[in-house]
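For reference, the structure discussed in these notes is given below.
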Amino acid sequence: MTSNAQAKLAARYGAPNISALQQWNDTIDQLLEHRSVRAFTDQPLPEGTLETLVAAAQSASTSSNLQVWSVVAVQEGDRKGRLSALAGNQPYIHQAPLFLVWLADLSRVSRIADQHGVELEALPYLESLLLGTIDAALAAQNAVVALESLGLGSVYIGGIRNDIEAVAKELQLPPQVYPVFGLCVGYPSPDRPAKVKPRLPQAAVLHHETYSAADEQGVLAEYDKRLGAFYQGEGMKASGWSEQVVSRLRNVSSLHGREELLGELSRMGFGLR
């Protein structure tokens with residue numbers, strides 16, 4: 001590894017003395033550079049960017065080649081503003097030149113079944129909903145890797161699930177389609193550069209042969225210190241990761257409406273058997 005590559009690895013884990021990786025190339029270099037961008041310039045995207053990102057997204061794996069996902073590209077300012085309001089008033093949704101809403105889409109296969117006069121008995125089961133959700137996530141992450149290779153930045157917007165029925169109405173989604181998350185896309189603003197946020201040590205997430213949490217307490221305590229130092233360096237409250245987890249999940253109110261997802265999905269035509 002070069003000194004620059006080692007610095008990128010150290011930033012990813014917030015550990016200056018981390019051991020070097022034995023394998024490294026340009027793709028890994030780019031992946032470790034990933035960061036969420038929440039400030040964009042007003043520079044428009046080059047012509048054809050959207051189609052390039054969708055081609056990358058469609059190159060992701062898809063279960064049984066069913067391709068049960070779709071994406072809505074939103075560029076019109078007023079619509080982005082309304083979606084921002086539905087997603088917790090996150091300003092970068094309106095600021096980014098492109099907002100992609102990734103969808104689990106079971107409606108397309110339903111229409112095909114109707115054309116063939118066939119009932120899809122497997123469709124009302126939870127597995128089908130998971131299948132569409134996973135497909136959408138895999139496609140979106142491929143698009144993120146592609147856009148970052150083009151010098152663009154992005155941030156995922158889980159808040160799009162705060163009120164999926166209202167989002168569906170705004171985007172005119174048919175039954176059996178729901179918005180999994182949004183994705184802001186644009187050129188990162190140099191005035192508010194995003195930093196690489198340290199992730200959990202590999203010892204916390206990598207298990208060999210069987211799952212073991214034997215050393216977890218010490219590993220997480222060290223990570224709490226590293227993440228706290230990162231936040232302090234960014235002028236933010238220096239809370240550790242464990243405190244964040246508890247704060248985020250302690251109360252249902254932190255779900256911001258997403259606690260109603262089960263009922264909303266049912267009303268939107270999804271079976272949850």
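Everything numeric in this text was worked out from a predicted model, so none of it was measured.
Connection of L255 to I157 is not established within any shared hydrophobic cluster, with ILVMFWY side chains joined at heavy-atom distances below 4.5 Å, either directly or through further cluster members. Both W241 and L249 belong to a common hydrophobic cluster when Ile, Leu, Val, Met, Phe, Trp and Tyr are linked at side-chain heavy-atom distances under 4.5 angstrom. With hydrophobic clusters built from ILVMFWY side chains whose heavy atoms lie under 4.5 angstrom apart, V155 does not share a cluster with Y231.
Remark: the Q217 side chain and the D215 side chain contain no N/O donor-acceptor pair separated by less than 3.5 Å. Side chain to side chain, T133 and Y178 meet the donor-acceptor criterion of an N or O pair below 3.5 Å.
The CG atom of L227 sits 9.5 Å away from atom CZ of R199, with the distance rounded to the nearest 0.5 Å. Atoms CG and OH, from D42 and Y187 in turn, are 12.0 Å apart once rounded to the nearest 0.5 Å. Here CD of Q176 is found 6.5 Å from CZ of F270. Values are rounded to the nearest 0.5 Å. Note that CG of L152 is 9.0 Å distant from CZ of F40, once rounded to the nearest 0.5 Å. Rounding to the nearest 0.5 Å places CG of L98 at 8.0 Å from CG of L183. Annotation: the span from T2 atom OG1 to W24 atom CH2 amounts to 7.5 Å, rounded to 0.5 Å.
Closest approach of V180 and A104 over heavy atoms only: CG2-N, 3.5 Å. Across all their heavy atoms, T41 and P188 have their closest contact at CG2-O, 3.6 Å. Annotation for A60 and N142: closest pair N-ND2, 3.3 Å, computed over non-hydrogen atoms. Listed here is the closest heavy atom pair of L138 and S61: CD1-O, 3.6 Å. Closest approach of L106 and L129 over heavy atoms only: CD1-N, 4.4 Å. Taking all atoms of both residues into account, the shortest heavy-atom contact from M268 to A168 is CE-CB, 3.7 Å.
The main-chain N or O of R258 is never found under 3.5 Å from a side-chain atom of R161 such that the two would form a donor-acceptor pair. Counting only distance, with no hydrogens or angles, the side chain of S84 and the backbone of Q90 share a donor-acceptor pair below 3.5 Å. Of the possible polar contacts, none joining the S64 side chain to the L66 backbone as a donor-acceptor pair under 3.5 Å is found. Side-chain atoms of D163 never come within 3.5 Å of backbone atoms of L86 as a donor-acceptor pair (strictly under, hydrogens ignored). Checking side-chain atoms of E33 against main-chain N and O of K8 turns up no donor-acceptor pair under 3.5 Å. A donor-acceptor pair is defined here as one N or O able to donate and one able to accept, closer than 3.5 Å; such a pair exists between the side chain of R35 and the backbone of A194. No donor-acceptor pair under 3.5 Å is formed between the side chain of E119 and the backbone N or O of E121. Listed for the R79 side chain is no donor-acceptor partner under 3.5 Å among the backbone atoms of L171. In terms of modelled atom types and a separation under 3.5 Å, the side chain of D105 and the main chain of V68 share no donor-acceptor contact. When atom types are taken as modelled, the side chain of R12 and the backbone of K197 share a donor-acceptor pair closer than 3.5 angstrom.
Taking the side chain as every heavy atom from C-beta outward, L50 and L45 never approach each other to under 4.5 Å. Contact of the S63 side chain with the I134 side chain is not registered, since no non-hydrogen atoms from C-beta on lie closer than 4.5 Å. Within the 4.5 Å cutoff, no side-chain heavy atoms of E243 are placed close to those of D224. Inter-residue side-chain proximity for C184 and V37 is flagged as unmet; no heavy-atom pair is nearer than 4.5 Å. Taking 4.5 Å as the limit, every side-chain heavy atom of L53 sits out of range of all side-chain heavy atoms of Q58.
A salt bridge links R226 with E222: the closest approach of a Lys/Arg side-chain nitrogen to an acidic carboxylate oxygen falls below 4.0 angstrom.
Legend: residues meeting ring pair (Phe, Tyr, Trp, His ring centres under 6.0 Å) with Y156, ordered by chain and number and at least two apart, are F181. Partners of H207 under the ring pair (Phe, Tyr, Trp, His ring centres under 6.0 Å) rule, at least two apart in sequence or in another chain, are Y211.
As a member of the Ile/Leu/Val/Met/Phe/Trp/Tyr network built from side-chain separations under 4.5 Å, V246 groups with nothing else and remains a singleton.
Open room surrounds CG on L262; 12 or fewer heavy atoms of other groups in view lie less than 6.0 Å from it. Other residues, nucleotides and ligands contribute only 12 or fewer heavy atoms inside 6.0 Å of the CD atom of Q232. In R192, the CZ atom is not crowded: 12 or fewer heavy atoms of neighbouring residues, nucleotides or ligands sit closer than 6.0 Å. With a 6.0 Å radius and a threshold of 12 heavy atoms from other residues, nucleotides or ligands, D26 has its CG atom at or below the threshold.
Checked against H34 for a side-chain contact (heavy atoms from CB on, under 4.5 Å), the options V144, V196, V145 give a single hit: V144. Each of Q75, K80, H94 was compared with F99 under the side-chain contact (heavy atoms from CB on, under 4.5 Å) criterion, and only K80 meets it.
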Given side-chain hydrogen bond (donor to acceptor under 3.5 Å, both in side chains), test N4 with Q6 step by step and report yes or no.
-> CA-CA 5 Å; N4 186 47; Q6 181 66 33; over 6 Å; no

